[in-house]
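Contents: one structure, followed by commentary.
In what follows, chains carry the letters A, B, and so on, assigned in the order in which the sequence lines appear, proteins first and then strands, with residues in each chain numbered from 1.
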Amino acid sequence: MKKIINDPAAVVAQSLQGMAAAHPDVLRVRTDPAVVVRADAPVAGKVAVVSGGGSGHEPLHGGFVGAGMLAAAVPGAVFTSPTPDAVQAAIEETNGGAGVLLVVKNYTGDVLNFETAAELAGLDGVDVRSVIVDDDVAVKDSTHTAGRRGVGGTVLLEKIVGAAAEQGADLDRCEELARRVVSRVRSMGMALTAPTVPHAGQPSFDLADGEMEIGIGIHGEPGRARVPLTSADDIVRQLLEPILEDLPFTSGDEVLLFTNSMGGTPLLELYLAHGIAERLLAERGIRVRRRLVGPYITSLEMQGMSLTLLKLDDELTELWDAPVHTAALHW
Amino acid sequence: MKKIINDPAAVVAQSLQGMAAAHPDVLRVRTDPAVVVRADAPVAGKVAVVSGGGSGHEPLHGGFVGAGMLAAAVPGAVFTSPTPDAVQAAIEETNGGAGVLLVVKNYTGDVLNFETAAELAGLDGVDVRSVIVDDDVAVKDSTHTAGRRGVGGTVLLEKIVGAAAEQGADLDRCEELARRVVSRVRSMGMALTAPTVPHAGQPSFDLADGEMEIGIGIHGEPGRARVPLTSADDIVRQLLEPILEDLPFTSGDEVLLFTNSMGGTPLLELYLAHGIAERLLAERGIRVRRRLVGPYITSLEMQGMSLTLLKLDDELTELWDAPVHTAALHW
Amino acid sequence: MGCTAQDVIAALRAGAATVTEHRDELIELDRVIGDADHGENMARGFRAVAAKIDTSAPETPGAVLKLCATVLISTVGGASGPLYGTAFLRAAAAVGDAPELDGAAVAKAVQAGLEGVVARGRAEVGDKTMVDALTPAVEAAKNAAESGEGPAKVLAAAAEAAQQGAEATEPLVARKGRASYLGERSAGHIDPGARSTALLLSAFAEAAGGR
Amino acid sequence: MGCTAQDVIAALRAGAATVTEHRDELIELDRVIGDADHGENMARGFRAVAAKIDTSAPETPGAVLKLCATVLISTVGGASGPLYGTAFLRAAAAVGDAPELDGAAVAKAVQAGLEGVVARGRAEVGDKTMVDALTPAVEAAKNAAESGEGPAKVLAAAAEAAQQGAEATEPLVARKGRASYLGERSAGHIDPGARSTALLLSAFAEAAGGR
Ligand SMILES: Nc1ncnc2c1ncn2[C@@H]1O[C@H](COP(=O)(O)OP(=O)(O)O)[C@@H](O)[C@H]1O
Ligand SMILES: Nc1ncnc2c1ncn2[C@@H]1O[C@H](COP(=O)(O)OP(=O)(O)O)[C@@H](O)[C@H]1O
Ligand SMILES: [Mg+2]
Ligand SMILES: [Mg+2]
Ligand SMILES: [Mg+2]
Ligand SMILES: [Mg+2]
């Protein structure tokens, strides 16, 4: 295992220390349990949008804490959802009296731990709502299974709902907006290499030269299928088509296109893939109105990418454009 | 070789297409020769700060094109400095009548190609100056050698001088500021893995498990020494000490600390390393007034990091804080 | 003959020892069809349980189980944290404040644990989860208790059935938990949570029999 | 007997063929002590030279060399682009507008090329660069020309000396170019630019002798 770390068990805590040092104007880090909180929390009278999950997906979620996006992020151990008491601590730190919206990626662990925290905070009289993000079209949706994973759509949702909260939207409206984003966003990812979880010490899967995993998530779980590594043109097509079919997205739609690196794929390749996606969408008459390109929801050092498409309307577009002041997104 | 590309020979051109698609409000891309130009260039009456070099270091330099930073970036083939005609094209596209400052990283190829372009543009009556960045303390400085490499300091210089140009500083002042930054900035890097140049198809060097290269540059050249992989605490110390000794930086100094990922090192590790650097500097009485943490000058997918320290004064600090509107830096 | 608070504490210590010992095996099982953290999660949680037991001294079996539950909930995270946490919480509720547990009480506790896991995780037998280990364990424990066996034998029967249940997850296609994302590719591997359930019950049985 | 524009064109075509053929070898040499692009740079540049020669038809040896220079300068980049470009530019200047080159003119052209490289790159013999191949090549070419040899023999002498010079870079510690960043670790490897110089001269010699 090749990593710049000290003790594998201390990675998350030590990384949070560094993050706090790097962004004193944006956020603060509270420890035991660990929570990343925006510097000026709680903001009186505003809804606090709170998210979290296992670490290893940086900048998600801590990098999105700050004005116009998340009030707090709850980082678990690497790839392990945080415990309810950590989520409760985040709720306590950020509740400004207007309620708290929990943004939960649809993984059994996240759902259960956040649910428990919401219940407990509800008992304390805090108005807490949860929205579950499940945008990964690689996973067949079914009531008999754990359902789809929450992936890239989470970033877009956090930005948009965070902007609404910053503008003073109440909890009902924030919740409605969040559900609207969930209903209009779809993603799919692929990997060229596997990540190595620090406490595991070896790659999460073994992939031969000339192979790729298609339909992967963000936790180093293998994907739906192992297929031969092909050209960027073909890879982008393999990611985009299931997304377009699923919602579906059709000619005339206006979208936000989010081309995401899983961590190890450099910008040189990512922009190349983004250009292909733009071209394929143009060919289908789908208009890309906004875009986000970069490593925003990652899986440690995994090489690979995901595409996320959000069907925009004017309101979502305005909220996307609204100012944001976080470590990872800033405009 | 595992990359999301089509033809290795077309990587840079296709990547630039995607970049243009991704950031229409910030930049445009001109082809044959390839130049990334800020959307509103030429800006009349303002100095154009232009940089460039081999591709594969993204977001450097194209990601720094835009208001408050670079007027243009000239991307060569991967790890190959661009040709003089490309630099000339950038000068033509951006010269707003107040002259052009070329920011050149100190590599033989970059120096020769930019020098030639400057000469030719000078013949056309454009006031062109060049500043050479050579901040890498891993390389022994000597008049008998190629001298030190330009690395992380380049990013800081481009931001600071770009801000001055945006504020209307004249060419003399931009040049003076650039030289001031060069005289006050030092860097050092290390690698856990090697990058793979697309047209070469195999890693630039072979590094066993449990080994790291210390004193590397940004082109996949091996470093000064191959040593056992140690703890993050020790790695950061090995990078920081030669930097501190070189300038030297001493107690009471105020600095900008730039903790840079070489591409493949995830934020989780990078923040961890950043926290250690902050602590070591605090122990020495050096005050970190500003910081930049992320993958800003990379070497394709190489895992590793570099540290850059810039001795600040009030003027440099103000220019660092000034607004910037590029693909990679935005505030 | 019955199982006291001290016995439950000893059982949990044995459980902590076994998940620590099998940490890498559980990580490896989870690496193949999940996210490579189950062994780390269980080791972290039970290390905390063992530490907490050392400093507090709950006086009834139920209080010990409840303490274990709350420590697991606040230290494990992931899917297994709330699931095991709820299992121990329900087991605690099932045994009430009895000072000693007989075989029947132990069997009831195991059953309450399963019900807790199902209530939270909504998995059915055959979904390739810890439910596939717990369900036969409940059945075996009940039969042993009905034959008049004491805690040690009841737990031994449960452990054996759980291990068989865990092994039987191997050919299954997962429908719950992280392995479900793999679809057909999840077949051919034992579920890590089912395996940890079998390991824990086996450690409890040994501790109970070792008096 | 003398070397015409057509001969120079043929020599450059042979040069293009040889750097294409040895592209991977040059990449590998540069990978070990540089940045793995020298073979790609040379192949790209000379491919462009060959293409340009096909479409334009310079009428003197000097004009061919100048065309080669400008194409290299605008397509190679890196350190080798301006260095080789300047070499050919100076060679072109040295031969003026003579319609044919004899052995002495060829030797003067090689010498002018070296002077161009040194003027731009400021490397000395022993710095582990293409100068280490060109310097003995100039000496050998001059001797051959002084013995009255024609272009083919002059180039053959230059090529052989260049190859020896290239091989002699192996033990050297680089002081110029990218390999200098490696310090002592640069020893033990042949300099890629010295090797490409030897390859080009050898192709030129063969083309000149092959009439
Ligand atoms: N819905 C569920 N019901 C019962 N058990 C489940 C469920 N989801 C997951 N599990 C169990 O949890 C185990 C995984 O635990 P762990 O790896 O610690 O958490 P995570 O899946 O969040 O990484 C699985 O092997 C499975 O036995
Ligand atoms: N200052 C110099 N003088 C002469 N030759 C040099 C000098 N610097 C580099 N070279 C030559 O250039 C070669 C490298 O060329 P190339 O790999 O194409 O460019 P780069 O080093 O920019 O990647 C070296 O092997 C060396 O022979
Ligand atoms: Mg997990
Ligand atoms: Mg190069
Ligand atoms: Mg797991
Ligand atoms: Mg090179």
Side chain / backbone / both / neither for [X] at chain C, heavy atoms under 4.5 Å:
| X | result |
| --- | --- |
| A/Phe79 | both |
| A/Pro222 | both |
| A/Ala77 | side chain |
| A/Pro195 | neither |
| A/Ala138 | neither |
| A/Gln88 | neither |

If I measure from the heavy atoms of chain A, does [X] come under 4.5 Å with its side chain, its backbone, both, or neither?
| X | result |
| --- | --- |
| C/Thr75 | backbone |
| C/Ile27 | side chain |
| C/Asn41 | side chain |
| C/Arg178 | side chain |
| C/Arg185 | side chain |
| C/Glu124 | neither |

Leading residue by heavy atom contact count with chain A [cutoff under 4.5 Å; candidates C/Gly77, C/Gly78, C/Ala36]: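 When all of C/Gly77, C/Gly78, C/Ala36 are compared, C/Gly78 has the most.
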Audit row: A/Thr80, C/Glu40, side chain to side chain contact (heavy atoms under 4.5 Å, CB included) steps and yes/no: CA-CA 10 Å; A/Thr80 302; C/Glu40 174 71 12; over 6 Å; no
Check whether more than 12 heavy atoms from other residues, nucleotides or ligands sit under 6.0 Å from atom [atom1] of [X], and answer yes or no.
| X | atom1 | result |
| --- | --- | --- |
| A/Lys3 | NZ | yes |
| C/Asp54 | CG | yes |
| C/Glu170 | CD | yes |
| C/Glu167 | CD | yes |
| C/Lys108 | NZ | no |

What residue, out of [options], has the most heavy-atom pairs lying under 4.5 Å from chain C?
| options | result |
| --- | --- |
| A/Asp85, A/Val78, A/Asp110 | A/Asp85 |
| A/Lys140, A/Glu115, A/Gln202 | A/Gln202 |
| A/Val111, A/Asn113, A/Thr108 | A/Asn113 |

List the atom of [X], the atom of [Y], and the distance in Å for their closest heavy-atom pair.
| X | Y | value |
| --- | --- | --- |
| A/Glu221 | C/Tyr181 | OE2-CD1, 3.8 Å |
| A/Leu112 | C/Pro82 | CB-CG, 3.6 Å |
| A/Ser81 | C/Ala79 | OG-N, 4.5 Å |

Step-by-step side chain to side chain contact (heavy atoms under 4.5 Å, CB included) determination, C/Asp37 to A/Val197: CA-CA 8 Å; C/Asp37 62 354; A/Val197 179; 5.6 Å; no
